[in-house]
Asker: 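Below is one structure. I have some questions about it.
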Amino acid sequence: MLESPRKQARSRLSEKPSPGQRWFASARLAIAIFAAYFLAARLGLFLQTRPDGVAVFWPAAGVSSGILIAFGREVRWPVVVGVITATITANLTSDRTIWSSSAFALCNAGEALLIAWLIERYVSRDFTLTRLRQVAGFLAAVIVGTAVSGVGGALTIKLLHSPDAPFLITWRHWFASDAIGIVTVAPMMLALAALARVPTPRLEVIEGVTVLAAIAAMTGIIIFVLPEIWWDTVVPVELLFPLLLWLSARCRLAFTSAAIFVVSLIVVCAVTFDIGHFGKIAPIPEVRIWGAQAGIVGVALCALLLAATIAERRQHAAVMAAVLNTVEEAIITIDAKGMVKDLNPAAARVFGYGADEVIGRNVKMLMPEPYHSEHDGYISNYLKTGQAKLIGFGREVSGRRKDGSIFPMELAVTEMTVSGRRMFTGVVRDITERKQVERHQELLVAELDHRVKNVLAQVAVVAMSTRQGSRSIDEFLRSLNGRIQSMAAAHTLLSKSGWQSVGLDALVRNQLAPYATDTNVTISGTDVMLVAAEIQAVARVLHELVTNAAKHGALSIPGGHVSVSWNRKPNGDGENLMLVWQEHHGPAVKSEIQSSYGTNLIRNLIPHELGGMVELAFASEGVSCRIEIPIRQV
């Protein structure tokens, strides 16, 4: 953001120049203020009221006040010195004495200091005329400052210059003269300070100068050419309003303030030389002066208020544009006919269009569903009948991108009135990812439901089969608990992997863990990953082999040993897993083993669930089991 003149002045002071540099800069500024103030004072002294000799128009007050308001207290001493010396010099070239000139100088300097202090204290330290509140504060400060200085000026004139002049009339002349001078010139000083910081585009300069020339010409026409009857029926400032409006809306404040000064200067010159319609207003000079001052005040107030109103609206529009351009939500504005009037960059990204491709076209190019879906026909019904009630909260509709793809989105619509026209703002949110997450959650819930039912069915079968093969309740509970724990262990491994795949090595070690030591178990094999169905089936078979070995086989006595090994075996385009369970040095095994739930599960589960083969042998030297499973490429 650009710094104000006050901030720039404070920045320069913070650089801590040497005393000599500070003195030289202050002296140079004082000389410049002296020259500007002296010329403005001489201009004001061309026309004076009678019998007090107060200037009709005192632009010098606008020079000093404008500089102080623009640059702040850092330049108050150069301003005071320049104003005092210029006032004394200008008055001595007239009919004033050194004493009255000195008193006028103190009043003029004090007036500028008071007005600048009031604005800094009660309005803003970084003052501009771009807000109505600041314009009102400026006018209030001018009224107070000139009213106070008018007291000192009227007393000075009464005591040192014109003893016969009525005090109240003199005060009124001083007050009006200085107030008009400040209102017409100080804004130009503020604008010129801002103009020096930011270059104006050439086209704006050309346009501003052209309109300024038109305003000067129109002012001349009003004063010299306008039929006299118009002055009785039309306020001349009304004729300047269109041009002032154009200048305020299209150009910077410098051109508007220059227009105020140009109009004021032309009017003052007309009154000074008694020419044009101002010479015909009334035979009494007092009436002509008040007419001129009223015209100047009318133009100044009209221009300042117009400029501040337009600048304030422009600032609000810039803020809103910045907000709309930075928010992540897509925002679209349409009129009552469904034509797109505006959209922010987020909306352009959502739909894949540029703003120029959408603005001016019907919104159904972006949202076809409200026109074809009975569920979401509220926009269509409104555009046809004007009776449908619009929604204020999000509703799911379909959007269409530039590439023709349809996507789900959430739409919230609000109604507003802009310049008497009904407009509608739609806030759009692309919910494609949310819909994908919802669908994924639905699939997960369905899969969870299926797996829970499957597990419960397996538990029921295990419980029934275990009961049939148990000789007592205690045996039944132990066997059932072991088998359920085996199933749970397999589920734990799968859960940790996200139900994707589990290594066979981890599964074997998990099932043997309750009975394995450093000497009674040997596990070896290549790295093989199994999917969920394979893990669950192999886990149940391994559990039965482990349980049998712990009860009756190699793991039931010290010195017994179990080896588990596996490898891959090519099988056409795929591979088979070859897993071998072998027990050594265990108790003697009977050649005839009675069939049970465990042996039936070992022999039949793999072929039934996985399409593999199982060879279970009860040899005298120990139980052996050879399992062959066609495995997927995980």
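Residue numbers count from 1 along this sequence.
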Asker: Between S405 and R401 (side chain of the first, backbone of the second, donor and acceptor by atom type, cut-off under 3.5 Å), is there such a pair?
Answerer: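 Judged by distance alone, no pair lies under 3.5 Å.
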Asker: Which heavy atom of K551 sits nearest to which heavy atom of S556, and what is that distance?
Answerer: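 Shortest heavy-atom separation between K551 and S556 comes out as O-CB, 3.7 Å.
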Asker: CD/E628 to NZ/K569 distance, rounded to the nearest 0.5 angstrom?
Answerer: 4.5 Å
Asker: Looking only at heavy atoms, what is the nearest atom pair of T526 and N567, with distance?
Answerer: OG1-CA, 4.0 Å
Asker: Take E410 and V428, measure what side-chain contact (heavy atoms from CB on, under 4.5 Å) needs, and give me the verdict at the end.
Answerer: CA-CA 6 Å; E410 197 172 69; V428 174; over 6 Å; no
Asker: Where the side chain of E583 meets the backbone of A554, is there a donor-acceptor pair that is under 3.5 Å apart?
Answerer: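 A pair under 3.5 Å: yes.
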Asker: Using the side chain to side chain donor-acceptor pair (under 3.5 Å) definition, which of the options T519, T522, N520 pairs with H561?
Answerer: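 Per the side chain to side chain donor-acceptor pair (under 3.5 Å) rule, the option paired with H561 is T522, out of T519, T522, N520.
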Asker: Check the pair R429 / E329 against side-chain contact (heavy atoms from CB on, under 4.5 Å), numbers first and verdict last.
Answerer: CA-CA 6 Å; R429 180 178 298 170; E329 302 293 345; 3.0 Å; yes
Asker: Would you call T309 and L132 a side-chain contact if the rule is heavy atoms closer than 4.5 Å?
Answerer: yes
Asker: Heavy-atom count around R434 CZ within 6.0 Å, excluding the residue itself: above 12?
Answerer: yes
Asker: Does a side-chain heavy-atom distance below 4.5 Å link V538 with I606?
Answerer: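 They are in side-chain contact.
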Asker: Given side chains that start at C-beta, do those of L605 and V614 come closer than 4.5 Å, heavy atoms only?
Answerer: no
Asker: Carefully, step by step, assess I627 and I602 under the rule side-chain contact (heavy atoms from CB on, under 4.5 Å).
Answerer: CA-CA 9 Å; I627 302 173; I602 294 171; 5.9 Å; no
Asker: Would one find more than 12 heavy atoms of other residues, nucleotides or ligands at under 6.0 Å from atom CZ of R626?
Answerer: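 It does not: R626 CZ has 12 such atoms or fewer within range.
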Asker: Is atom CZ of R250 surrounded by more than 12 heavy atoms (other residues, nucleotides or ligands) closer than 6.0 Å?
Answerer: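 No, CZ of R250 has 12 or fewer neighbouring heavy atoms, counting only those of other groups under 6.0 Å.
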Asker: Between atom CD of Q536 and atom CG of L610, what is the distance when rounded to the nearest 0.5 Å?
Answerer: 10.0 Å
Asker: So, N344 side chain and I331 main chain: donor-acceptor pair closer than 3.5 Å or not?
Answerer: yes
Asker: Considering all heavy atoms of both residues, which atom of N576 and which atom of P630 are nearest to each other, and what is their separation?
Answerer: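 That closest heavy-atom pairing would be OD1-CA, 3.3 Å.
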Asker: Is the shortest heavy-atom distance from the side chain of D342 to the side chain of I359 under 4.5 Å?
Answerer: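 They are in contact (side-chain heavy atoms under 4.5 Å apart), so the answer is yes.
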Asker: Please check if the side chain of N510 supplies one atom and the backbone of A506 the other of a donor-acceptor pair under 3.5 Å.
Answerer: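 Pair absent, no side-chain N/O of N510 close to backbone of A506.
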Asker: Taking the side chain as C-beta and beyond, is there a heavy-atom pair between E120 and F127 under 4.5 Å?
Answerer: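 E120 does not reach F127 side chain to side chain.
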Asker: Is the shortest side-chain heavy-atom distance between D527 and D505 below 4.5 Å?
Answerer: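 No, their side chains stay 4.5 Å or more apart.
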Asker: For a quick test of reading the model, state the closest non-hydrogen atom pair linking E204 to F255 and the distance between them.
Answerer: O-CZ, 4.1 Å
Asker: Check the surroundings of atom CE in M613: do more than 12 heavy atoms from other residues, nucleotides or ligands lie under 6.0 Å from it?
Answerer: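 No, the 6.0 Å shell around CE holds no more than 12 heavy atoms from other groups.
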Asker: In this structure, are over 12 heavy atoms from other groups packed under 6.0 Å from R603 atom CZ?
Answerer: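 For R603, atom CZ is crowded (more than 12 foreign heavy atoms under 6.0 Å).
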Asker: Contact between V564 and Q511 at the side-chain level, heavy atoms closer than 4.5 Å - yes or no?
Answerer: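 No; the side chains remain at least 4.5 Å from each other.
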Asker: Would you name the heavy atoms of D335 and F424 that are closest together and state the gap between them?
Answerer: O-CD1, 3.9 Å
Asker: When you measure from the side chain of E544 to the backbone of V541, do you find a donor-acceptor pair of N or O atoms at a distance under 3.5 Å?
Answerer: no
Asker: Which pair of non-hydrogen atoms, one from S398 and one from M409, has the smallest distance, and what is that distance?
Answerer: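 It is O-CE, 4.0 Å.
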Asker: Between OG of S124 and CZ of R133, what distance do you get to the nearest 0.5 Å?
Answerer: 7.5 Å
Asker: Can you tell me how far apart OG1 (T130) and CD (E312) are? Round to the nearest 0.5 Å.
Answerer: 8.0 Å
Asker: Give the C-alpha distance, both sets of side-chain angles, the deciding distance and a yes or no for side-chain contact (heavy atoms from CB on, under 4.5 Å) between K402 and E357.
Answerer: CA-CA 10 Å; K402 184 177 180 179; E357 298 177 286; 2.8 Å; yes
Asker: Between E438 and K435, does any NZ, NE, NH1 or NH2 come within less than 4.0 Å of an OD or OE carboxylate oxygen?
Answerer: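 Salt bridge flag = yes for E438 with K435.
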Asker: Less than 4.5 Å apart, any side-chain heavy atom of L504 and any of L579?
Answerer: yes
Asker: Within this structure, what is the CZ-CG distance for the pair R361 and D356, rounded to the nearest 0.5 Å?
Answerer: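 The distance works out to 11.0 Å.
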Asker: Rounded to the nearest 0.5 Å, how far does CZ of F351 lie from CG of D403?
Answerer: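 One gets 12.0 Å once the value is rounded to the nearest 0.5 Å.
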